[in-house]
Amino acid sequence: MTSDTRLQETSAEPVADRVRRHFAAALDERGYRADDAQMAAVDHLASWLDDFLAGRHGFLRKPVAGVYLWGGVGRGKSFVMDQFFAAAPTQAKRRVHFHAFLQELQGRMLAITGQSDPLVRVARAIAEETRLLCFDEFHVHDIGDAMLLGRMLKVLVDEGVGLVCTSNYEPENLCPNPLYRERFRPAIELIEKRFEVISVDAGQDYREQSSALEEWGTYLWPATTDDIELIDSRLGLADEAHFNETLSVNHHPLKVHAHDDHCAWMDFSEMFERPRSASDYLWLIEHYPRMAVSGLGPLADYPPDVSMRFLNFIDIAYDRQLKLQLFATVSLDDLAAGGAALDFSRTLSRLRQLKLEPL
């Protein structure tokens with residue numbers, strides 16, 4: 001008998017009821033009302049988790065491996081999943097952001113280089129540690145990500161890990177780049193066959209309705225890249241700050257305008273017009289919890305790969321609660337106009353939660 005089953009048997013409250021009650025309490029605490037799409041998602045999650053932890057499934061079918069929630073920006077997917085995660089009565093659970101998980105995966109594989117099939121070894125190790133794994137903002141835009149995630153998902157499902165994912169995409173459109181979409185096709189088919197796929201796309205846009213968006217920094221415009229006094233005053237550099245130095249970020253050089261032990265001032269071109277990985281941005285955010293980026297112009301002026309790096313950075317920065325100061329040459333609306341990058345709707349929604357401050 002698993003610890004999860006024992007937990008259910010010793011609890012007077014069924015797992016599904018526990019999840020629904022926790023979600024209702026979270027709504028009441030915030031003064032929210034769930035729409036029909038959210039309530040349906042919660043019901044599916046609650047029922048699935050009850051069956052999953054109890055090991056229930058049909059005779060002639062494999063157990064449902066998890067739940068895949070998809071819908072547009074602001075539909076409350078992350079809120080639903082976070083409340084579900086908090087209520088799940090198992091200690092062997094993890095909620096992890098897409099980019100952070102990939103960095104962990106790559107690091108653990110690197111540590112066992114030379115052994116046979118390190119990805120499978122790492123996946124099985126994760127399965128031994130984790131009963132329930134929740135992915136937020138699940139998406140694929142890079143061939144390396146596609147190949148890693150595709151194989152990883154299969155091993156985790158085969159090993160019996162319960163998976164919950166939120167995404168802006170339905171599975172069929174999860175990997176929109178046609179250059180390597182077919183190589184990710186087996187993972188798409190795995191999700192369609194083994195997961196409950198739930199759409200919350202018909203729900204309300206809670207971010208647009210909210211009158212109390214959490215500000216996680218400031219978006220200032222029109223700003224020049226050399227206004228040292230303005231940027232310094234906003235960022236709060238220490239007296240002992242260093243200027244115009246080159247950092248070693250994951251063994252790659254990155255020039256910074258200024259930095260101290262907690263803050264860094266970066267240039268857009270250095271951050272995004274050169275090849276950078278999600279792990280580079282994670283490293284920077286871990287070392288500098290306050291950051292300024294200057295020299296940001298209209299995304300239409302940049303090639304798609306540059307825009308995509310910027311979007312990935314904002315995605316990671318938002319999730320890791322970076323205190324961000326963005327200095328742009330144009331307003332936020334003009335920043336978005338004509339941009340060719342995928343997924344900008346999600347990024348724009350997050351940028352709108354910055355304090356918008358014209359200069």
Side-chain angles (χ1 to χ4, degrees), residues 1-59 61-71 75-98 100-101 104-105 123-138 152-153 155-167 190-191 194-200 203 319:
M1 181 184 293
T2 68
S3 60
D4 294 321
T5 304
R6 285 197 298 270
L7 203 160
Q8 291 181 75
E9 291 180 349
T10 58
S11 173
E13 184 178 28
V15 170
D17 291 349
R18 175 189 175 104
V19 172
R20 294 184 181 100
R21 177 180 58 78
H22 184 92
F23 183 70
L27 288 172
D28 288 343
E29 181 181 343
R30 293 161 176 79
Y32 294 166
R33 288 187 62 186
D35 59 37
D36 291 343
Q38 282 188 320
M39 290 305 303
V42 171
D43 284 340
H44 278 282
L45 284 165
S47 298
W48 169 78
L49 184 64
D50 202 348
D51 290 342
F52 174 74
L53 292 181
R56 293 191 292 266
H57 58 90
F59 269 121
R61 61 190 293 263
K62 294 181 179 180
V64 177
V67 178
Y68 183 96
L69 297 177
W70 72 274
R75 305 303 183 192
K77 302 182 298 296
S78 294
F79 176 74
V80 167
M81 190 183 74
D82 286 345
Q83 304 316 313
F84 161 80
F85 178 81
T90 177
Q91 294 184 346
K93 60 182 178 180
R94 289 183 64 192
R95 177 208 179 277
V96 61
H97 192 269
F98 169 80
F101 182 78
E104 174 190 340
L105 178 58
R124 287 175 176 165
I126 291 172
E128 289 178 1
E129 305 159 0
T130 311
R131 181 83 169 110
L132 175 66
L133 182 59
C134 296
F135 283 110
D136 199 17
E137 304 290 5
F138 194 84
M152 173 62 68
L153 277 179
V155 176
L156 292 176
V157 168
D158 289 345
E159 292 293 319
V161 177
L163 298 165
V164 174
C165 308
T166 69
S167 178
L190 175 69
I191 292 171
R194 296 294 305 277
F195 286 62
E196 287 189 42
V197 178
I198 310 298
S199 170
V200 292
D319 186 70

What's the shortest heavy-atom distance between V67 and F195, and which atoms?
-> N-CD2, 3.8 Å
Do you know which two heavy atoms are closest between S47 and A16, and how far apart they sit?
-> N-CB, 4.4 Å
Does P89 reach the side chain of L49, with side-chain heavy atoms less than 4.5 Å apart?
-> yes
What's the verdict on side-chain contact (heavy atoms from CB on, under 4.5 Å) for F52 and V164, showing C-alpha distance, side-chain angles and the deciding distance?
-> CA-CA 12 Å; F52 174 74; V164 174; over 6 Å; no
Start with the C-alpha distance between R56 and D50, add both sets of side-chain angles, then the distance that settles salt bridge (charged side-chain N to carboxylate O under 4.0 Å, His left out), and finish with yes or no.
-> CA-CA 8 Å; R56 293 191 292 266; D50 202 348; 3.2 Å; yes
Output the distance between atom OH (Y68) and atom CG (L190), rounded to the nearest 0.5 Å.
-> 12.0 Å
Exam field: side chain S167 to backbone F138, donor-acceptor pair closer than 3.5 Å = yes
Please name all residues satisfying side chain to side chain contact (heavy atoms under 4.5 Å, CB included) with D43, sequence neighbours left out, ordered by chain then number.
-> R20
How many angstroms lie between atom CZ of R194 and atom NZ of K62, to the nearest 0.5 angstrom?
-> 5.5 Å
Sorted by chain and number, sequence neighbours left out, ring-ring contact (aromatic ring centres under 6.0 Å, His included) with F23 holds for F79
Between D136 and K77, is the closest basic N to carboxylate O distance under 4.0 Å?
-> no
Output, in order, the C-alpha distance, side-chain angles, deciding distance and verdict of side-chain contact (heavy atoms from CB on, under 4.5 Å) for W48 and V19.
-> CA-CA 11 Å; W48 169 78; V19 172; over 6 Å; no
Between CZ on residue R30 and CG on residue L27, distance to nearest 0.5 Å = 8.0 Å
Please identify each residue that fulfils ring-ring contact (aromatic ring centres under 6.0 Å, His included) with F101, with sequence neighbours left out.
-> F135
Nearest heavy-atom pair of A86 and H22: which atoms, and what distance?
-> CB-NE2, 3.5 Å
Start with the C-alpha gap between V80 and L69, add the side-chain angles, then the distance that decides, and say whether side-chain contact (heavy atoms from CB on, under 4.5 Å) holds.
-> CA-CA 9 Å; V80 167; L69 297 177; 4.1 Å; yes
Listed partners of E159 passing side chain to side chain contact (heavy atoms under 4.5 Å, CB included), at least two apart | R124, A127, V155
Where do Q83 and A26 come nearest, in terms of heavy atoms and distance?
-> OE1-CB, 3.4 Å
Spatial distance of atom CD1 (I126) from atom CD (E129) [nearest 0.5 Å] = 6.5 Å
Residues 85-94 vs salt bridge (Lys or Arg N to Asp or Glu O under 4.0 Å), sequence neighbours excluded, gives R94-E104
Hits for side-chain hydrogen bond (donor to acceptor under 3.5 Å, both in side chains) against D17, two or more places apart or cross-chain, chain-then-number order -> none
Taking all heavy atoms of V200 and all of A41, pick out the closest pair and write down the distance.
-> CG1-CB, 3.8 Å
Can you name the nearest heavy-atom pair linking M152 to A123, along with the distance?
-> SD-CB, 3.4 Å
May I ask you to test the I198-L45 pair for a side-chain heavy-atom distance under 4.5 Å?
-> no
So do L163 and L156 actually touch side chain to side chain, heavy atoms under 4.5 Å?
-> yes
